[in-house]
Amino acid sequence: MTRVPISLIGPDADYSDKTVKGKVVRIGRLVSLASDNNLLKTVIQEEDSPPNASAQNPSINVVLFGGLAKDFNQAVNQGDVVVASGFTVGRSPTVHKDKLHPFNLLLSGDEARVYMISHVSRATKAPKYTYSGLDALKAGSVVNAYGVVVFFKQPFKSRGTDLCSTLKITDQSNQRIACSVFGEKLENHPKVFQVGDIVRLHRFKVQFFNSSMTLVNTFGFSVLAFDGAEGGSMEPRTSSRSFHLDQEDRRTVEELRSWAAGQALLPPTPTTPLSAAQPKAYFDLTCQLLAKAPIDSTCTLLRVWDGTRCAHTLLKVTVEPDATEGPSSFSEARERLIANILVYDNHVELAGQLKPGDFLRIYNLRAIPGSSKVPGHASSHQQEEEEVDHLAFHLHGGTAYGRGIRVLPENSPDVQEMKRVMEAVPDEDDFSELNDSQLLEVWSTPPESAGESVVSRSCGHDTRTVTLSDLKRSDPGLVHHVRVQLRSYEPHRLHQALKLYCSKCTSMEDVPNDELVARLFSEASEDPAPCSPPAWALSGRVAIPGERPAPPTRAVGVHLSTHPVTQLFSFFFHAAGSTLEETRRLAAGYQNVVPVRSSGGHMALLDLSAPFLFRGLKRYFGCKRCSEAAVREPVCAEGLEPIDEKVLAEALGVQLLQFVLLMKLELQDASDRLDVFLWRDAESFFGVSAEDAAANQEAQNSIRQTMASLCPAGGSTGTSGSRVYTAQSGCSFTDMLQEY
DNA sequence: GGTTAGGCTTTG
């Protein structure tokens, strides 16, 4: 065999008796493909290019398949020198992105070989970071350091071009060192959420200021933040995809945690729930934003809750419903749990970026007793006296005392705890904000009189039966039992009863039909612009699984993302150029298929009328109003949970829509008729989840059978065959049959 | 590989 210089690799040549030699400069993740195949991408660089070569030390992508990929992954270290043979040459799909060789080497099949010429031992593989104690910092040097946060400010706008975070950190030396982080992007700032958090700083410059040390980030810096509690999660908070964390790092974090616990550096109550808010006190609040409204240019109203009820009556702030983002009113029960927060000055800009549904931590919030004048909404004297005991909450201007607002990730332990509290709040559920008039809007053929609908409530099953005529004369809001005949129902086509519901903006819409979706797919594939895949994606082509008898299979371009810890192939993008039908077939063979298109040279999701995700037979949709979709790599918080529709929706900035069932029933008894909506309890009524009903025939048949036996004439006007049931909300159809 | 900030007694 003869060796070919990397620079001379090109198409249309026979490489069966050729070798390529190079140093391994990058090793990708091992990707498991379908049917027990593996794939691994690596980059090798020629160290001894011949003098006549066009480029010095050129690099080339090498893609290994099958057992070779697996063996290579186990054996190789960065820095090893290898020789490859038995390869073929293909066009590199990533040449524009990685600026490497326009072709790549493909090593698959029996002839493919990789020989290791020299081997670097594991111990010297990763560059080792050394960390300075905070008492050993030398001005002018660039250091790495660990510290426990004793003071922090959330990123705020500096007078320059960047956002600025300031921290004060300490360690076992008891030195307290100031630290400033500058950067344009919020995601590069330390994700410090409370005093006691631990940070790991890389590449910070030591500067002297007023006889005290300060650490300032330099080029190529990184910050990881860890929970400071003993036994807390070891998952660092970072936006970086490529941080390195080894056993020694974990030990350092553990040591700082136990040291800090002994020093009582962690505040005993990091945040105060609304139920413990005291007048005049300053406190940090973890909460969920429900709605917001601008008051004037220096003040914004945030309406939040945390699931607990404040011991003091909360101040009501009235604003125009039109100016409110999110629901403008809530049920009475919910209103009692909602705190109105007025945020001022510099916080107004940040508040503008918040979305109803966001989980927030608000730092240095002040509880203010008595009525306070809201700019532009001066209340009358009478009202002021009435509200004298009421609590309002202010976030003053400025960043002193760490005043600020931070969006917390949904997976943070404090948010999880708060959600448990919220879930236990009675008389509220996902649909509480959707009222009858909204339902009628959703309904394609609204009944003539909106007054004929009633809202269902769960009940104690001890109410006596009333006639429909009694019911219609009684006050709204009461719970009734009726003994009625189902005269008719709508829609007759089950797919029209399936709706998509957004828990964030409480909108409900029809499920887009296949014709519309197919059209979006064909439109997306018409864009001829080349699409540069993101750096983390592995690009290639896969064959569309065919049907039997197999038609000629077609291959489509795909971009893969693999699971960071298990390295299992778990996520799958497919590029523009395939049809809905092809995507459907891909989804049958691969776990997660996210259709993408080319948009201005970048990878983007399709219009959100199309499913953003195919998982087997199931399709998932996103809310057009609440999503800020972008193709990003999905990351698992703990690294081990499966990548499901929720993880993907979050990574892609998609607000996941929930399938719900909505039916209109026309009830009749001797006294009257009544239209009712079956929806909130529809799933328990049919004993079928709406998501299943959207994807599987068995679930659909079950609903169909239930309706057919309730209303055998299929809802036609001839109802002589209809049977009569005693209906109780919260009751399944099977329960009803037993009672009958 | 430059500038920003460099807690701090807030108050509608």
Side-chain angles (χ1 to χ4, degrees), chain A residues 137 139-142 147-170 175-186 188-190 192 194-195 197 199 201-223 265 267 278-284 293-302 315 317 319 340-348 351 362-379 384 387 390-405:
Chain A
L137 303 177
S141 63
V142 173
V148 182
V149 175
V150 292
F151 173 80
F152 66 101
K153 283 185 180 183
Q154 291 304 337
F156 59 93
K157 250 184 148 164
S158 74
R159 278 193 274 271
T161 58
D162 289 340
L163 292 171
C164 172
S165 297
T166 67
L167 306 175
K168 189 156 272 179
I169 58 172
T170 188
Q175 291 287 323
R176 295 192 158 215
I177 301 293
C179 174
S180 297
V181 180
F182 296 99
E184 264 179 309
K185 291 185 189 157
L186 180 65
N188 294 333
H189 281 259
V192 171
Q194 68 177 62
V195 165
D197 282 353
V199 287
L201 312 175
H202 279 179
R203 296 208 202 179
F204 274 65
K205 191 172 184 176
V206 183
Q207 292 179 344
F208 241 103
F209 179 78
N210 273 357
S211 73
S212 63
M213 294 277 189
T214 308
L215 291 165
V216 184
N217 59 316
T218 63
F219 184 71
F221 79 101
S222 91
V223 184
L265 285 173
Q278 290 303 318
K280 293 183 180 172
Y282 289 92
F283 66 105
D284 296 344
I295 301 291
D296 63 24
S297 63
T298 67
C299 181
T300 292
L301 170 69
L302 302 181
L315 178 81
V317 180
V319 289
N340 289 311
I341 297 178
L342 295 167
V343 310
Y344 289 94
D345 302 340
N346 54 317
H347 309 300
V348 167
I362 305 178
Y363 298 91
N364 199 232
L365 189 60
R366 185 166 201 209
I368 297 190
S371 170
S372 64
K373 291 189 194 72
V374 175
H377 292 261
S379 49
E384 272 183 42
E387 294 177 348
H390 294 189
L391 269 196
F393 298 93
H394 287 204
L395 182 67
H396 297 307
T399 63
Y401 294 94
R403 273 199 300 273
I405 304 177

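Lettering follows sequence order; numbering is per chain, from 1.
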[X] has an atom [atom1]; how far is it from atom [atom2] of [N], in whole Å?
X      : N     : atom1 : atom2 : answer
A:N346 : B:dG7 : CG    : P     : 18 Å
A:K168 : B:dG6 : NZ    : P     : 11 Å
A:Y363 : B:dG7 : OH    : P     : 20 Å
A:R176 : B:dG6 : CZ    : C1'   : 16 Å
A:Q207 : B:dG2 : CD    : C1'   : 12 Å
A:Y401 : B:dG6 : OH    : P     : 14 Å
A:N217 : B:dG1 : CG    : P     : 15 Å

Margin query: Counting only side-chain nitrogens and oxygens, does A:R159 get under 4.0 Å of the OP1 or OP2 atom of B:dT3?
Written below: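 Looking at the OP1 and OP2 atoms of B:dT3, neither is under 4.0 Å from any side-chain N or O of A:R159.
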Next item on the list: Counting heavy atoms from C-beta on, name the nucleotide in B:dG12, B:dA5, B:dT4 closest to the side chain of A:T166.
Entry: B:dA5
Next item on the list: Among the candidates B:dG12, B:dT4, B:dA5, find the nucleotide nearest to the side-chain atoms of A:C164.
Entry: B:dA5
Which part of the nucleic acid, if any, lies within reach of [X] when heavy atoms closer than 4.0 Å are counted: base, sugar-phosphate only, or nothing?
X      : answer
A:G402 : nothing
A:A400 : sugar-phosphate
A:K153 : sugar-phosphate

Notebook entry, point to check: In chain order, what residues pass the side chain to side chain donor-acceptor pair (under 3.5 Å) check against A:K153, with sequence neighbours excluded?
Noted result: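 Testing A:K153 for side chain to side chain donor-acceptor pair (under 3.5 Å), a comparison that skips the adjacent residues, returns A:T399.
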Checklist line | Residues that A:N217 engages under side chain to side chain donor-acceptor pair (under 3.5 Å), provided they are two or more places apart | finding: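 None.
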Check: Between A:F219 and A:F182, who's closer to the 5' end of DNA chain B by nearest nucleotide?
Finding: A:F219
